[in-house]
Amino acid sequence: MEYAIVDIETTGGNARGSRMTEIAIRIHNGTDVIDSFETLINPEKEIPLAIFALTGIDNKMVQNAPLFGDIAKQVFEMLDGRIFVAHNVNFDYSFVRHQLSECGFKWTAKKLCTVRMARKIKPGHRSYSLGKLCDQLDIPIANRHRAGGDCDATAILFSRLIEWDEEGIIPDMVKKTSKDQRLPPNLPEQQFEVLPERPGVYYFHDQKGKVIYVGKALNIKKRVGQHFSGHNINPQRQNFLREIYSISSVICATELMALLLECAEIKKLWPAHNRALKKFDPKFGLFVYEDLAGYKRISVGKLSKYQTCFAVVNRENDAVKMLTGIVDKYQIDPRLCRFSTAKISRQEMLMNVDTKALPPVDEHNSLVEDALHDLDNSRPTFAILDKGRERTEKSCIWIEKGNFYGMGYIDQDCQYQELSDIRESLNRYVGNYYMNQLVINYAQKYPNKVLQHV
């Protein structure tokens with residue numbers, strides 16, 4: 001069994017948008033390095049100043065270097081049939097595979113990550129970066145952040161790890177089915193292994209413990225594993241995986257509770273890598289304000305972060321329909337309402353032609369207050385009782401006047417005098433329009449689980 005130990009330097013952090021500027025390969029037979037290859041590469045693009053500051057490689061150094069296409073055949077022949085080894089292997093592997101593919105070489109290989117190997121064989125170190133690990137293990141490392149110097153240090157580290165591997169960890173890692181090989185380099189395997197196979201919410205944390213991603217799942221362990229499978233060179237995914245240092249999770253009784261907790265946590269923590277649920281906030285609403293003449297006006301408007309309104313909707317047309325319904329039902333003068341976010345809508349232009357006197361202020365404001373009062377009272381208050389995490393409990397989700405109030409777990413046999421007593425035992429969460437709709441739609445689908453508050 002032979003290994004190809006590889007280190008590369010690049011113009012950036014992802015294979016899709018960046019290129020290699022240098023590559024070093026050391027062929028290792030399990031005992032010694034038996035062959036070597038190393039060269040600068042013309043990336044055919046500018047090298048950023050930040051990369052030059054790190055590696056010392058600038059545009060002038062690579063202008064006469066071979067293109068990757070010129071060395072692709074030699075690289076392929078050195079790698080083909082050998083186990084690919086690197087420190088943070090998925091980074092190097094993604095670049096090499098991507099650029100070989102561009103040159104017409106279909107190549108895949110079994111992989112070994114010396115970060116993960118070191119975590120298993122030499123646990124307990126504070127850092128597993130190549131430089132710090134070599135310092136801690138007394139491994140010489142010269143010409144740091146150049147492909148040749150880092151590759152030589154990785155080769156020595158690899159030889160030492162083989163010597164120290166008394167439990168046969170490395171042969172087990174070589175297996176193609178080894179789940180450990182798919183995990184992010186900075187994530188301890190044990191944290192993945194102990195994840196529950198139940199519904200709930202999981203959190204990815206960075207090196208400082210900050211939450212960078214929140215997700216929900218019917219099976220937490222299975223879903224987390226899916227994040228790490230496949231060969232996706234998307235830059236967001238590659239950066240995402242490198243930032244994961246730990247995982248935590250919370251078990252939920254139902255998928256709905258997991259989804260609600262995910263939404264609440266994203267709203268609270270605003271993790272850097274959560275994007276999808278940030279788009280679900282409503283865009284429009286109905287606002288009430290008092291003009292200089294003392295009239296309370298109802299207006300369709302766009303929502304902003306610091307505004308409050310008495311009704312929110314996703315589309316402007318829905319807000320217009322709601323306002324039209326209020327005007328018709330309570331006989332509110334439409335000239336004292338705004339039906340569009342445009343400066344002057346066609347409807348408002350037609351209303352401006354009406355020369356009839358406006359109603360008295362008090363009479364008009366009374367109608368508006370009646371409308372708002374009735375709308376507020378029409379919003380339902382109810383609880384959804386469902387199965388708990390264990391047989392001894394029930395889950396409960398509480399909606400207060402049409403808005404998500406909170407959720408939690410109550411004792412299966414606990415007797416409450418009033419339904420409102422349950423409310424006080426729940427965890428309070430800040431909801432939003434999307435969460436409200438999730439619960440209301442669920443209640444409509446499963447009316448047998450709903451307890452109405454009278």
Side-chain angles (χ1 to χ4, degrees), residues 3-26 28 51 68 75-76 78-80 82-102 105-121 127-131 133 145 147 150-151 153-155 157-158 161 169-170 172-189 191-193 204-207 212-213 224-247 273:
Y3 308 86
I5 301 171
V6 179
D7 192 272
I8 62 172
E9 302 302 331
T10 69
T11 61
N14 66 86
R16 178 165 292 168
S18 306
R19 309 287 293 178
M20 287 188 280
T21 59
E22 189 173 36
I23 187 171
I25 303 173
R26 307 290 185 253
H28 198 289
I51 298 297
F68 186 79
V75 169
F76 172 78
M78 292 194 77
L79 301 181
D80 190 36
R82 294 183 169 110
I83 295 167
F84 189 94
V85 181
H87 204 73
N88 189 2
V89 69
N90 290 323
F91 176 81
D92 302 76
Y93 184 85
S94 65
F95 272 89
V96 174
R97 185 183 181 191
H98 180 61
Q99 291 197 223
L100 280 174
S101 176
E102 288 183 331
F105 293 93
K106 293 184 178 181
W107 168 78
T108 58
K110 293 182 178 180
K111 297 178 288 183
L112 275 175
C113 180
T114 49
V115 177
R116 304 215 64 81
M117 290 168 62
R119 282 186 178 277
K120 285 174 169 286
I121 297 170
S127 174
Y128 285 84
S129 67
L130 183 61
L133 192 59
H145 295 300
D150 286 354
C151 194
T154 304
L157 173 62
F158 182 68
L161 291 171
I169 289 171
I170 295 175
D172 187 57
M173 292 180 70
V174 169
K175 294 177 182 177
K176 193 171 184 179
T177 55
S178 174
K179 293 180 181 179
D180 179 64
Q181 290 296 95
R182 298 199 297 267
L183 297 181
N186 299 311
L187 177 67
E189 181 187 4
Q191 288 198 10
F192 174 77
E193 292 301 328
F204 292 153
H205 304 261
D206 66 12
Q207 192 170 12
I212 58 173
Y213 184 83
V224 169
Q226 289 172 347
H227 281 283
F228 311 141
S229 61
H231 178 68
N232 185 340
I233 61 171
N234 181 283
Q236 287 85 3
R237 181 176 185 271
Q238 290 191 340
N239 293 333
F240 172 51
L241 295 180
R242 283 198 294 272
E243 291 180 34
I244 299 172
Y245 278 75
S246 63
I247 306 175
H273 291 280

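Distance CG/L130 to CG/L157: 7.0 Å, rounded to 0.5 Å. One finds the OG1 atom of T108 at 11.0 Å from the CG atom of L100 (value rounded to the nearest 0.5 Å). Annotation: the span from L187 atom CG to I247 atom CD1 amounts to 4.5 Å, rounded to 0.5 Å. Atoms CD and CD, from Q207 and E243 in turn, are 10.5 Å apart once rounded to the nearest 0.5 Å.
Between I170 and I121 there is a side-chain heavy-atom pair separated by less than 4.5 Å. The closest side-chain heavy-atom distance from T21 to I51 is not below 4.5 Å. In this structure, the side chains of N186 and R119 come closer than 4.5 Å at one or more pairs of heavy atoms. A 4.5 Å side-chain heavy-atom check between D206 and Y213 finds every atom pair outside the cut-off. Annotation: side chain of H87 is in contact with side chain of L133 (closest heavy-atom distance under 4.5 Å). Counting only heavy atoms from C-beta outward, the side chains of I5 and C151 approach each other to under 4.5 Å.
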Working note: K120 + E189, criterion salt bridge (charged side-chain N to carboxylate O under 4.0 Å, His left out); need CA distance, chi angles, decisive distance, verdict. CA-CA 9 Å; K120 285 174 169 286; E189 181 187 4; 2.3 Å; yes
Could you walk me through whether F91 and I8 pass side chain to side chain contact (heavy atoms under 4.5 Å, CB included), step by step? CA-CA 9 Å; F91 176 81; I8 62 172; 4.1 Å; yes
Would L112 and V89 count as a side chain to side chain contact (heavy atoms under 4.5 Å, CB included) here? Give the steps. CA-CA 7 Å; L112 275 175; V89 69; over 6 Å; no
For N90 and L241, run side chain to side chain contact (heavy atoms under 4.5 Å, CB included): C-alpha distance rounded to whole Å, both residues' side-chain angles, the deciding distance at 0.1 Å, then the answer. CA-CA 10 Å; N90 290 323; L241 295 180; 5.8 Å; no
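Using the six-membered ring where Trp is involved, F204 and H227 have ring planes that are perpendicular, over 60° apart on the 30 and 60° scheme.
Put simply, the residue from F105, W107, F84 that forms a side-chain contact (heavy atoms from CB on, under 4.5 Å) with R97 is W107.
At distances below 3.5 Å, at least one donor-acceptor pair connects side-chain atoms of Q99 with backbone N or O atoms of M20. The backbone N or O of G13 lies less than 3.5 Å from a partner atom in the side chain of R242, making a donor-acceptor pair.
By the ring-ring contact (aromatic ring centres under 6.0 Å, His included) test, H28 is found to be paired with F158, residues two or more places apart in sequence or in another chain being considered. Applying the ring-ring contact (aromatic ring centres under 6.0 Å, His included) criterion to Y245, with sequence neighbours excluded, gives no partner residue. In this structure E22 satisfies the side-chain hydrogen bond (donor to acceptor under 3.5 Å, both in side chains) test together with R146, sequence neighbours excluded. Applying the salt bridge (charged side-chain N to carboxylate O under 4.0 Å, His left out) rule to R19 yields the partners E102; only residues at least two apart in sequence or on another chain are considered. Partners of F68 according to the ring-ring contact (aromatic ring centres under 6.0 Å, His included) rule, which considers only residues two or more places apart in sequence or in another chain, do not exist here. A search for ring-ring contact (aromatic ring centres under 6.0 Å, His included) contacts involving Y128 returns H125, not counting sequence neighbours.
Here the shortest heavy-atom pairing between G12 and F95 reads O-CZ, 3.6 Å. Scanning all heavy atoms of the two residues, the minimum distance from F228 to P184 falls at CE2-CG, 3.4 Å. Heavy atoms only, all atoms of each residue included: A147 and I23 are closest at CB-C, 4.0 Å.
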